[in-house]
Visitor: 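The structure's right below; bear with me while I get my questions together.
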Amino acid sequence: MSEIRFTTREIGSLAKPGWRVKSVSGRPVGSEDVEEARRWGERLGVEGRERLFELLAKGEGFTKEERAEIQDFAALYAIRLLESAGLDVVYDGEQRRSEMYDHVARHARGFESRGTVRSFDNKYYTKAAVVERPRVESPYDLEEFLFVREHTDRVVKVPFTGAYTILDWSYDEYYAAGSMLGASASRRAEARRAFGLDVAREVIRPNVEGLVEAGAGWVQIDEPAATTRPEEVPLVVETFNATREGIDARTSMHICFSDYACLFPHIEDLVDCYELQLEFANRDSREPGRKQEDRPGYAILEKFAESAWDGRIGLGVLDIHTNFIEPAELVRDRILHAADVLGPERIEVNPDCGLRTRTWEVAYEKLSNMVEGARLAERAINGS
Amino acid sequence: MPQTKAYAPGIYARSEELVQATRDLERKRTTEKEVERRREEDLGRLLEAQREAGLDYVSDGLLVWQDIFRPFAEASEGIEPGPLTRFLNTNTFFRAPSPAGGRVRLAEPLGEPYFAFSRLPAGEWVATLPSPHSFAALSTGGIEAEEIAANVIGPQIRHLAQRGCALVVLQEAALFGGNVDVSPLSRALDALESPLPLALQLPFGDAGEVLGELVELDVAAIGVDFYATDVEALPRPFPKTLLAGVIDSRNSLLEKPQEIARFAAELLGELEEGAELHLVPNGDLQFVPEKIARQKLALLGEAARITKEER
């Protein structure tokens, strides 16, 4: 039997450094921002960093070209952070994207921003309405991908916000026009399905297609909204399949903070879904142990073991909502428990979700421990 | 002809200014006091908007509530706020109540700032609370609905009664998805011992499957989202006051008052004698930006006005 090795990677976003946020938004960059750039640049050994310091020293009034250069540096720093933490698969921490929903709504035709809505506590997001049939003219993440591809030798996984999440997080002033008050369930479902499939085929797929043509080998469809309407999980599956139709690349799906029980049995209809990357650590105990009772956050894995869907599980082992640094031994135990339930060959390792709400210091420590935990788990299984 | 009323219970949207203030506070660019000042302004505008719309009850919009469960999870012994959990079919999260050991008990009824008693007209305001069943069902487990009713929500309702509340809307978000057993909810409602009329509202979802059982519960009113529930699912004649969710709080599309009034007229014909029709949003207005929420309040008032005039 070949030795087990657990692939490690991030899910998507990292926080944007202050120097990147301020310079791009037109606010003055202070000496503390330059110091931060210097500290991380040196720690990560970022090539050409002197040019960044030179740019930031200007403080304000950055030209369009300078802002673009600073954004390139932010992407480069993020790539180096993920590499330095030891991840096998990297991207750029979505340094060029505003936010996973807004990024798509801004680039696609057919959406208009309607304002700010609260997500939780004092966290908000900008929400748009679909006002006409959505579409894109050309792949909008191509430049971002090419930059990453050129600046790393690691495997690259490109995250894309999925069609169902765009549908669910948008207001509908087009497909639902003519009033849904008192409408039949089939009329409402028909409008939602038409919207979801249009986004999949006319917005997400053309973007994915463009990147795959440019060499992207692994595409991650992010569907955090997947189970928010349990009756629509079949539509999540349908939009995933519509997105990947004709796409010649490894395709996986990330779902988080959701009721995974709602996924069954519908995931059996996923076409060529290599993996589901899921969040577990948020609901788990912080105590060590690999037995079922030690790992309450991973109880749902039993259902995956029973399911006819036999893809891989991207195991969330880091809680992205706390600064608690998971010890490598805790990560190891979470992996070993999952390996006991599903078999080690079905397990890959990641945080629960993107680490954008954590500082780079915390994100780095968490990710480094995640990698170390994966190595400990391998040693426990391989006996070396 | 049944009486018609209109009002907007639930968590209301924060203005762009308040959003910015809370963001600034997190980044330490402003003070708690400034955020509080903004919140007071928001509250004033909300109360004014409801008055202008001619709504029959006013709501304080629960502007300081981080989610529908949090104030009670924080103020009760034996419970604490747990993991961040996605809420229903909205792109929002709540801290799932978690058992913290020991007897569950509201240490002290919630007052200001959770309820803006000093700004609400006695006998003319509506409060929104979590249904005890929902509280238990959406917890991390190990929390009993009857215990929540008797020791947490019940004492709060009795306190609200002393402070001039006219009606309590219980948000019940855990009855969707089929094969739902309504008996734990029924027992929890019995344990509430409420001196105030209660409305059980099922926000954002198809209530069709359970409506037949809900009308048997010991509550004065049932709330139905008519953007997710087929009107044909309504038991006829409807024996209780109907909180008809006729404003879609999950969509920016603005409703047409005439259309709502036509729909309301249809509903009025389905009510048993003595029952009332209450026109409400189908859930918290916090799910649309505040400027849209304000427009929807005005539309709700206008729809109610037309309905009342056409009676």
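Nothing here was measured: the structure is a model prediction, and the numbers come from that model. Convention: sequence-line order gives letters A, B, ...; per-chain numbering from 1.
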Visitor: Looking at B:Arg95, B:Glu290, B:Glu255, B:Gln286, which has the largest count of heavy-atom pairs under 4.5 Å with chain A?
Guide: B:Gln286
Visitor: Can you tell me if A:Arg188 has over 12 outside heavy atoms packed within less than 6.0 Å of its CZ?
Guide: yes
Visitor: Please check if the number of heavy atoms outside A:Gln292 that lie under 6.0 Å from its CD is greater than 12.
Guide: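 Not buried by this count: 12 neighbours or fewer within 6.0 Å.
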Visitor: Tell me, yes or no, whether the heavy-atom count around B:Arg45 atom CZ, taken from other residues, nucleotides or ligands under 6.0 Å, exceeds 12.
Guide: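 Yes, because the 6.0 Å sphere around CZ of B:Arg45 holds more than 12 heavy atoms from other groups.
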Visitor: Do you know which of B:Asp230, B:Val246, B:Val19 has the most heavy-atom pairs under 4.5 Å to chain A?
Guide: B:Val19
Visitor: Compare all side-chain heavy atoms of B:Arg14 with those of A:Asn122 and state whether any distance is below 4.5 angstrom.
Guide: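 Result yes, sub-4.5 Å side-chain heavy-atom pair found.
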Visitor: Just give me the residue among A:Tyr125, A:Tyr171, A:Phe120 that pairs up with chain B most often, heavy atom to heavy atom, under 4.5 Å.
Guide: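 Heavy-atom pairs under 4.5 Å are most numerous for A:Tyr171.
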Visitor: Where does A:Cys256 contact chain B at under 4.5 Å (heavy atoms): side chain, backbone, both or neither?
Guide: both
Visitor: Looking only at non-hydrogen atoms, find the nearest pair between B:Leu253 and A:Ala177 and report the distance.
Guide: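 Scanning both residues, the minimum pair turns out to be CD2-CA, 4.1 Å.
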Visitor: Side-chain contact, heavy-atom cut-off 4.5 Å: A:Thr116 with B:Glu16?
Guide: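 Contact flag for A:Thr116/B:Glu16 side chains = yes.
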Visitor: Salt bridge (Lys or Arg N to Asp or Glu O under 4.0 Å) with A:Lys366: which residues, sequence neighbours excluded?
Guide: A:Glu326
Visitor: So which of B:Ile11, B:Thr92, B:Asp284 actually passes side-chain contact (heavy atoms from CB on, under 4.5 Å) with A:Arg118?
Guide: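 Only one option passes, and that is B:Ile11.
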Visitor: Looking only at heavy atoms and a cut-off of under 4.5 Å, which of B:Trp65, B:Phe93, B:Phe226, B:Phe287 has the most pairs with chain A?
Guide: B:Phe93
Visitor: Would one find more than 12 heavy atoms of other residues, nucleotides or ligands at under 6.0 Å from atom CZ of B:Arg29?
Guide: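 Counting neighbours around CZ of B:Arg29, more than 12 heavy atoms of other residues, nucleotides or ligands fall under 6.0 Å, so yes.
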Visitor: Taking side chain as everything from C-beta outward and backbone as N, CA, C, O, which of these in B:Thr229 sits under 4.5 Å from a heavy atom of chain A? Side chain, backbone, both or neither.
Guide: backbone
Visitor: Find the distance between CG (A:Asp121) and OG1 (B:Thr22) and round it off to the nearest 0.5 Å.
Guide: 10.0 Å
Visitor: Is there side-chain contact between B:Pro289 and A:Tyr124, with at least one heavy-atom pair below 4.5 Å?
Guide: no
Visitor: Any donor-acceptor pair under 3.5 Å linking the side chain of A:Asn282 with the backbone of B:Leu84?
Guide: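 Judged by distance alone, yes, a pair lies under 3.5 Å.
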Visitor: Suppose a student defines contact as a heavy atom less than 4.5 Å from any heavy atom of chain B. Which residues in residues 13-21 of chain A would they list?
Guide: none
Visitor: For each of A:Phe257, A:Trp169, A:Tyr101, tally heavy-atom pairs with chain B at distances under 4.5 Å, and name the one with the top tally.
Guide: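 Maximum pair count with chain B is reached by A:Trp169.
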Visitor: Output all residues satisfying salt bridge (Lys or Arg N to Asp or Glu O under 4.0 Å) with A:Glu132, sequence neighbours left out; order by chain, then residue number.
Guide: A:Arg135
Visitor: I'd like to check B:Tyr227 versus A:Leu181 (side-chain heavy atoms, cut-off strictly below 4.5 Å). Are they in contact?
Guide: yes
Visitor: So, using side chain to side chain donor-acceptor pair (under 3.5 Å) as the criterion, who are the partners of A:Arg114 when residues are at least two apart?
Guide: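 A:Arg114: side chain to side chain donor-acceptor pair (under 3.5 Å) contacts with A:Glu112, A:Glu173.
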Visitor: For B:Glu32, does the CD atom have more than 12 heavy-atom neighbours from other residues, nucleotides or ligands under 6.0 Å away?
Guide: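 Result for CD/B:Glu32: open.
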Visitor: Checking heavy atoms, do the side chain of A:Pro224, its backbone, both or neither come under 4.5 Å from chain B?
Guide: both
Visitor: Sort B:Val288 into side chain, backbone, both or neither according to what part of it lies under 4.5 angstrom from a heavy atom of chain A.
Guide: both
Visitor: For A:Gly182 versus B:Phe263, what's the shortest heavy-atom pair and its separation?
Guide: CA-CE1, 3.8 Å
Visitor: Which atoms of B:Lys256 come close to chain A, meaning under 4.5 Å heavy atom to heavy atom: side chain ones, backbone ones, both, or neither?
Guide: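 Neither part, no heavy atoms under 4.5 Å.
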